[in-house]
Structure formats: structure tokens, C-alpha cells
Number of protein chains: 2
Amino acid sequence: MANIRQIAKEAGVSVTTVSRVLNGHPYVREDKRQAVIAAMDQLQYTPNRNAVHLAKGRTFMVAVMLPFANHPYFSGLVDGIAYEALQHQYRIILCQTDYNISEEERVLQLLRDKLVDGVIICSRQSSWHDIEPYKAYGPVVACEYTDVPSFSSIYMDHYQTMKHALDVLMDYGHQRIGYCLGRPDSYNSDKRLLAYREALQQLGEPFRPEWGFHHCYNVEDGAEVIRTLLQMEERPTALLVAGDQSAAGMMLELRNHSEADIRSFSIIGFDNLPIAKVLGLTTFDLSSYDIGRKAFELFKYQLDHPDDPPEHHELPFRMIHRSSVYRVNA
Amino acid sequence: MANIRQIAKEAGVSVTTVSRVLNGHPYVREDKRQAVIAAMDQLQYTPNRNAVHLAKGRTFMVAVMLPFANHPYFSGLVDGIAYEALQHQYRIILCQTDYNISEEERVLQLLRDKLVDGVIICSRQSSWHDIEPYKAYGPVVACEYTDVPSFSSIYMDHYQTMKHALDVLMDYGHQRIGYCLGRPDSYNSDKRLLAYREALQQLGEPFRPEWGFHHCYNVEDGAEVIRTLLQMEERPTALLVAGDQSAAGMMLELRNHSEADIRSFSIIGFDNLPIAKVLGLTTFDLSSYDIGRKAFELFKYQLDHPDDPPEHHELPFRMIHRSSVYRVNA
DNA sequence: GCTTGCTCTGAAACGCGTTTCATCCTTTAT
DNA sequence: ATAAAGGATGAAACGCGTTTCAGAGCAAGC
């Protein structure tokens, strides 16, 4: 494989000139430029990307930290990041952490070790406190609310969405409300639970831990929740589900039971996945694709304007009313 | 940021020795090793990955070429690749091509330009003929059948799966059969269509282009197909659908219509996604996760044994019988 | 005629870790 | 005692493109 020095020799110019041609620098006489191009053509030269990265101190790559990609929320996020990255000639390194803290740290080390120009955190387990030092090596963007101001972020206020959903359910006369969340100890889950407990207080209802489910991500998780609930004597009349995927699993599992069972649970989902529409699931509109795009933009902006303060975008939420919420007979 | 030469000076040894410590080379006296480690600690040294990559001529990264990631088949594939990559200290660069040929070429160029040690092609538009030259730069693995022997590959025989599904439908008395596929011009679609046309011939049925649908990937695509079919005077009694995602969309859309409509179409899907189970969809078992893992293994093997001939794994198929295929009244 | 200011060019240094090769020092085997 | 075989170590070359800086050539401005 040819290198830049061979091209220089072949074209009868210095390596500097070859480099200039490569980088579209002006100040190269046309005949020399042509000679260089001819030499590159003849020797089938292409620059070694590692050498470019080393010399430039930049790699045009971002690390994308997420627990797993086979979930519509995250794959949408990745899609959005990838789309925007493509526009800016960036590549993404997909780093699945499975919420493993040391794996997450290894992702941040890619930034410190100059393999990537920045990190986009889709979801994480580590504390912001542990992540913060890596900010010194390049932009770190979060796709969730952070109470640490040194990162740019884009997020939804899940205290508010939960509160809104609870208000809607109460309007429909529900008092016995259960919930399904993902990780129990995440920031968003905490906020949702806060709204939940406040609503219970408002209703004068006790907190019943058996009506709360965690680690719900997939269709199958939702189906399992319904099977569990159907075994109970005392059941909630409504369920707030932090993901359409599992909400869909619930609705589908209900349909495997009696007609009465189907209408015995009102369900509100989250994400507005295509399946929500087909199922008539009331949910919140949330385009993880758009969040991904925005996250990349925030990264790029921070990279190009390192001295500007980080930006924080709170996304407005919007509920999509369909037919999965029933009125409770008074 | 410190570099290896500063560490050498600080520890009172040569850079070679530092490099040896870094790479766990023997032939370093214990006291020197300790001195080096102390120096690295003190200066908070970590190696610049780009320099390592340049010097080693290896990057411990693979490019994963796929059209898009927000589809369960592909995200499962990515998950599998990522899992196996992690075991081997490899990173993956996710390259979404949207089936754009020049974008696909750009992915292969990453291999030529030494940014990745290999490429795993999940699905592609380019001809194998155009891809083949890149083999010279490193292992290229395909997650589909290739008629070009120079790549390792792992695939299912979709002529056989389609044939099997058709046989089952015919056993159940179906004669009027439609299909839903993804891209119309892909190798797999061609093979499926071949089996399809042979079955029609066997049945003495004409080929009705209006019963064939393409570009079906998502729930919404499937729902749309059903709406279209319900408008027709003459309808098929069974549908072969090349993905559970769209098959699910069909079943769900049918449920939005009359009870009679639901049973008016027998449906066979593909992939055995979680939703297929909940819906009682008859489908083919196919773990894209396992394919992904195997694909990475094939890549790694080719990398470590460049002179061994490429391997080709044909996966056995297995139909999972559930309740979406009805018997036709004779 | 002379200064100022571009345009154009290349030598050399730089970014940084790895590898080759020569050398010196110990052991172990004979 | 002595040759053969390892162990240990560092200088220098290498992988390869970019950038700095000095300098040459040439045109516009006064």
C-alpha cells in the first residue's frame, strides 16, 4: 500500500503538497495538483485513517452509550444519531453497556484515549459525578435530564408526563392505579414515582407495592404483568406503562382472555410506537429518532464551540388520546 | 496529556521498556516494571488509541453494514455481534446505509483505509462483484447467502423456508396464497418468489401480482396490506409474510375488523419475535441474535486464520406452529 | 524603485506507540 | 572452565499524514 511519501516522489512534489491536495487546501498550483492526483490514481492511494486521526487529533467518531439496541426506543435513538452523524461525516461506535458500570466507564475512556470526539449517553447507570471528569476530554451529551450542568442534554420531564397521565386517569374516574416502569433506580423512574405517590395522596389511596412493576421493556414483560394481575383479588383499574412495547404486550395478553378482562384495565403507554396506533393505545408522543438527531447536533455544537455553555433542551410532551382508557362507572 | 516518552523519562527507562510494560511483554525486570507503572500513575498516562492503531496496523473495530437498525431483525443482529465483539475486546462501528450503494461502498472503504479490521454485512444492495475486491484488505462476513465463495457467511435457505411454508398451507387446503416481502430485488426475495411460483404451478393457480406486496417491514406496513386486501373482490386465503413485524401488523389490523375477517386470512410469519408468541402467530424460528454472534465469530476466525478458506454456515430452519393458520373448508 | 502582501513550496518537526536489531548480562549445559 | 541459550534493555527506524515555519517568486501600491 502506497503512502504519502511515495505519492510525493511519484508526482515530483513534497509531501506537504500532497497533503494540501488531500485536504483541499488552496495554494497549490494547478499542474502540481493534477500531478498529485495522477500519482494517487496510479498507485491507488488512499490515506490511512489512523494516521490522519493521530495527526489531526480528531477521529470523526462519536461513541453512543446505551444499555442495548434491540428496543424500539433505543434503536430509534440510534437511527436519529446515525442520520445526523452521516450528514456531518461522522461515524458512530455503538457501545452496549447492559447498564454495567465498568463497561460504561470503558466507553468514556474511548473519549479520554482519543478514539472518539465525543460521547452521547442514551441511558446510563453510572452517577453523573463519575462521568463528569471525562467532560474535559470532549463533549458529552445526555439524552435524559441531568442535574449536573456540565453536559448538554435533551430530555422530557417525566414527572410532568406521569402527572399528566395520572390527571387524565383521575378525570376518567380511576382511583386504583398501577404502574410499570423500566429500571427501578433510574432518575426518570424516581420522578415518575414521585408523581405517582403524590397522586395517591391526593386520592387518599394507599401505596400498594404489588401494583407496581419494574423491568418492563418488552411485549413479553407486559404480557407477564397482566397474567400476574389477573391472579390478584384486588386489581387496579388503570395502568401507567412507561413504554408502548410492554403496554402493547398487556393489551395483547388481555385479548387472550375474556372480553370483560379486556375492558377491566385502562392503559396509558409511552413512546407512540407504530403498534400503539394499531392497538388504539393512548400514549405520549415521543420520537426517539428526533431526540437522537438533536443529541448529535448538541454534540457537534459543543465540539465546534467548546467555550459555549452546555445547552439543555426540555422537550414538550403531548398525549395522544386513543381508546385504551375507559371511564370508570361511578 | 502525557506520552510514552515522558513516562520513559520519568521512570528512567527507554520507551521500549514502557511499551513492553504496556503490552504485558515479559523480559522486563520487576523493579523497572514498577517504576513504569508508578510513572504512568503519576502522570495519569493512557495510551493514545490512534497511535496504537497506526503502529499496530489493527484497530480492534469491525464495521457493521446494515440498512437501518430500528427493526427487530437488525437490532437483534447488532446485539449478537456486539455481545461477541465485547468478549473479544472489539468495538463495532454501526454503518446504516439505507441500502444506498455509495454509502455501502464508503463502509467498505473503512476496511481499505484501515479504520476497521473487518466488515460484517447484515444486508446490502451492492453486488457481490463490487464488494469482492475489498476482501483483500480484511475479512468480510455476510449474514446471508452469497454465491461468491470468498466471504464467510451464515444464512438460511429461504427457498426452502418458503417452500416449507407453502407446503404447510397447501396441506391445510389453501390454494389462493399471497405474500409480503421486503425489498423486491434481493437475493432472498428472488428465492422466495421462485418457490412461490413453483407452488402456484403445482396448484395450477395463476400468478396474481396484486396479491404480492413488497417493502413490508413494520407493523404499519402490514396493517396497510390488510386494508388493501379487504378492498379486493378476490382475496387470497393465506399470506406468507417475510417478517413477524408486518405479520403482526396484519393480525392486529384484522382484529380491528369483523370476527369473520380475522379468520379469513391464514398468516405465516418469520423471525419468531416475542409478539408472534403473544399473537399466536405461526412463524419460523430465527434468532438474529445468534446469527450476529456467529457472524462475529466467523470474522474473528478469518482474521486469525487468513489463509483458511471462508466458512459457510447454513442454518437449519424450524417452523413454530401456533394458531394463525386455519384449515380451508373443502 | 522599493515596500508590502500574497501565492506557492518544501524541509523538518510533530502526533505517539511498536518493532527490529544490536548489545550486554546471566544462567545452564557440557 | 566455556560455550550455548536466554533474559533484559535501549537506540533507532517505522507506521503515516499534518502542521509549522522559513523562504522564494511575483504583483500591486506608493
Side-chain angles (χ1 to χ4, degrees), chain A residues 1-37 39-40 43-61 89 109-117 137-138, chain B residues 1-37 39-40 43-61 89 109-117 137-138:
Chain A
M1 278 265 291
N3 66 31
I4 204 175
R5 284 164 227 270
Q6 290 169 46
I7 301 299
K9 187 186 281 186
E10 179 76 19
V13 298
S14 71
V15 295
T16 314
T17 299
V18 178
S19 178
R20 288 204 180 93
V21 172
L22 244 19
N23 292 283
H25 194 282
Y27 294 176
V28 180
R29 226 196 306 141
E30 190 52 29
D31 58 332
K32 297 215 175 191
R33 161 172 273 111
Q34 290 307 328
V36 169
I37 290 173
M40 295 197 296
L43 298 180
Q44 297 208 55
Y45 170 78
T46 53
N48 180 314
R49 303 275 293 244
N50 296 125
V52 177
H53 293 170
L54 174 60
K56 284 219 166 99
R58 262 224 204 178
T59 61
F60 295 89
M61 301 201 278
Q89 331 267 36
Q109 288 171 353
L110 297 181
L111 180 60
R112 180 194 62 191
D113 300 345
K114 301 199 178 293
L115 187 61
V116 295
D117 297 342
Y137 306 109
Chain B
M1 278 264 291
N3 66 31
I4 204 175
R5 283 163 227 270
Q6 291 169 46
I7 301 300
K9 186 186 282 185
E10 180 75 21
V13 298
S14 70
V15 294
T16 313
T17 300
V18 178
S19 177
R20 287 204 181 92
V21 171
L22 244 18
N23 292 283
H25 195 283
Y27 294 179
V28 180
R29 228 196 305 139
E30 191 51 29
D31 56 333
K32 298 216 174 190
R33 159 172 275 112
Q34 290 307 329
V36 169
I37 290 172
M40 296 198 294
L43 297 180
Q44 297 209 54
Y45 170 79
T46 53
N48 179 315
R49 302 276 293 243
N50 297 125
V52 177
H53 294 170
L54 174 60
K56 284 219 165 99
R58 262 224 202 178
T59 61
F60 295 90
M61 301 200 278
Q89 332 265 35
Q109 287 170 354
L110 297 181
L111 180 59
R112 181 195 62 192
D113 301 345
K114 302 198 177 292
L115 186 62
V116 295
D117 296 342
Y137 305 109

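Chain A is the first sequence line, chain B the second, and so forth, proteins listed ahead of strands; every chain is numbered from 1.
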Review point. Taking OP1 and OP2 of C/dG10, is either one under 4.0 Å from a side-chain nitrogen or oxygen of A/Thr17?
Key: yes
Point to revise | Contacts of type side chain to side chain contact (heavy atoms under 4.5 Å, CB included), residue B/Ala39, not counting sequence neighbours | key: B/Ile7, B/Glu10, B/Ala11
Practice item. Could you tell me the separation between the CZ atom of A/Arg33 and the C1' atom of C/dT9, rounded to a whole number of Å? Key: 13 Å
Review point. Taking atom C1' of D/dT18 as reference, at what distance in whole Å does atom CG of B/Asn50 sit?
Key: 14 Å
Check your understanding: Start at the 5' end of DNA chain D and walk down; is the nucleotide closest to B/Lys114 or to B/Glu30 reached first?
Key -> B/Glu30
Check your understanding: By side-chain hydrogen bond (donor to acceptor under 3.5 Å, both in side chains), which residues pair with A/Gln89, not counting sequence neighbours?
Key -> none
Check your understanding: Considering all heavy atoms of both residues, which atom of A/His25 and which atom of A/Arg33 are nearest to each other, and what is their separation?
Key -> O-NH2, 3.3 Å
Practice item. With sequence neighbours left out, write down each residue that passes side-chain hydrogen bond (donor to acceptor under 3.5 Å, both in side chains) with B/Lys9, or none if nothing qualifies. Key: none
Exercise for review: Could you tell me whether the side chain of A/Ile4 reaches within less than 4.5 Å of the side chain of A/Leu22, counting heavy atoms only?
Suggested key: yes
Review point. For A/Val18 and B/His25, take the nucleotide of DNA chain D holding the closest heavy atom to each; which residue's nucleotide lies nearer the 5' end?
Key: B/His25
What nitrogen or oxygen pairs link the protein and nucleotides 19-27 of chain D at under 3.5 Å?
{"unit_1": "D/dT19", "atom_1": "O4", "unit_2": "A/Thr16", "atom_2": "OG1", "d": "3.4"}

Review point. Bend angle of the helix from C/dG1-D/dC30 to C/dT30-D/dA1 from five-pair axes at both ends, rounded to 10°?
Key: 30°
Review point. Starting at the 5' end of DNA chain C and moving along, which residue's nearest nucleotide shows up first, A/Arg5 or A/Lys32?
Key: A/Lys32
Study note, to complete from the structure: Sorted by chain and residue number, the side chain to side chain contact (heavy atoms under 4.5 Å, CB included) partners of A/Asp117 (sequence neighbours excluded) come out as A/Arg58, A/Thr59, A/Tyr90, A/Phe299, A/Leu303
Review point. Can you name the nearest heavy-atom pair linking B/His53 to A/Leu115, along with the distance?
Key: CE1-CD1, 3.5 Å
Exercise for review: To the nearest Å, give me how far apart CG (A/Leu54) and P (C/dG15) are.
Suggested key: 10 Å
Practice item. Round to the nearest Å and state the distance from B/Lys9 atom NZ to D/dA11 atom P. Key: 13 Å
Report all interatomic pairs (protein N or O, nucleotide N or O of nucleotides 4-7 of chain D) with separations under 3.5 Å.
{"unit_1": "D/dG7", "atom_1": "OP2", "unit_2": "B/Tyr27", "atom_2": "OH", "d": "2.1"}

Check your understanding: What is the minimum heavy-atom distance between A/Lys114 and B/Asn50, and which atoms define it?
Key -> O-OD1, 2.8 Å
Practice item. State which residues pass side chain to side chain contact (heavy atoms under 4.5 Å, CB included) with B/Gln109; sequence neighbours excluded, sorted by chain then number. Key: B/Glu105, B/Arg106, B/Arg112, B/Asp113, B/Tyr134
Point to revise | For B/Arg29, all residues meeting salt bridge (charged side-chain N to carboxylate O under 4.0 Å, His left out), sequence neighbours excluded | key: B/Asp31
Point to revise | Integer-rounded Å distance: D/dC14 P and A/Asn48 CG | key: 17 Å
Exercise for review: Please list, chain by chain and in numerical order, all residues satisfying side chain to side chain contact (heavy atoms under 4.5 Å, CB included) with B/Val52, sequence neighbours excluded.
Suggested key: B/Pro47, B/Lys56
Exercise for review: Let me know the distance between CD1 of B/Ile4 and C1' of D/dC14, rounded to the nearest Å.
Suggested key: 14 Å
Revision key, fill the gap. Whole-Å distance, A/Gln6 CD to D/dC14 P, equals 13 Å
Review point. What are the two closest non-hydrogen atoms of B/Val15 and B/Ala8, and how far apart are they?
Key: N-CB, 3.7 Å
Point to revise | Between C/dG17 (P) and A/Asp113 (CG): distance, integer Å | key: 10 Å
**Study point:** Phosphate-side-chain proximity, A/Tyr45 and D/dG17, N/O vs OP1/OP2 below 4.0 Å
**Key:** yes
Check your understanding: So what does B/Val28 hit on the nucleic acid, given a heavy-atom distance under 4.0 Å: a base, only sugar-phosphate, or nothing?
Key -> sugar-phosphate
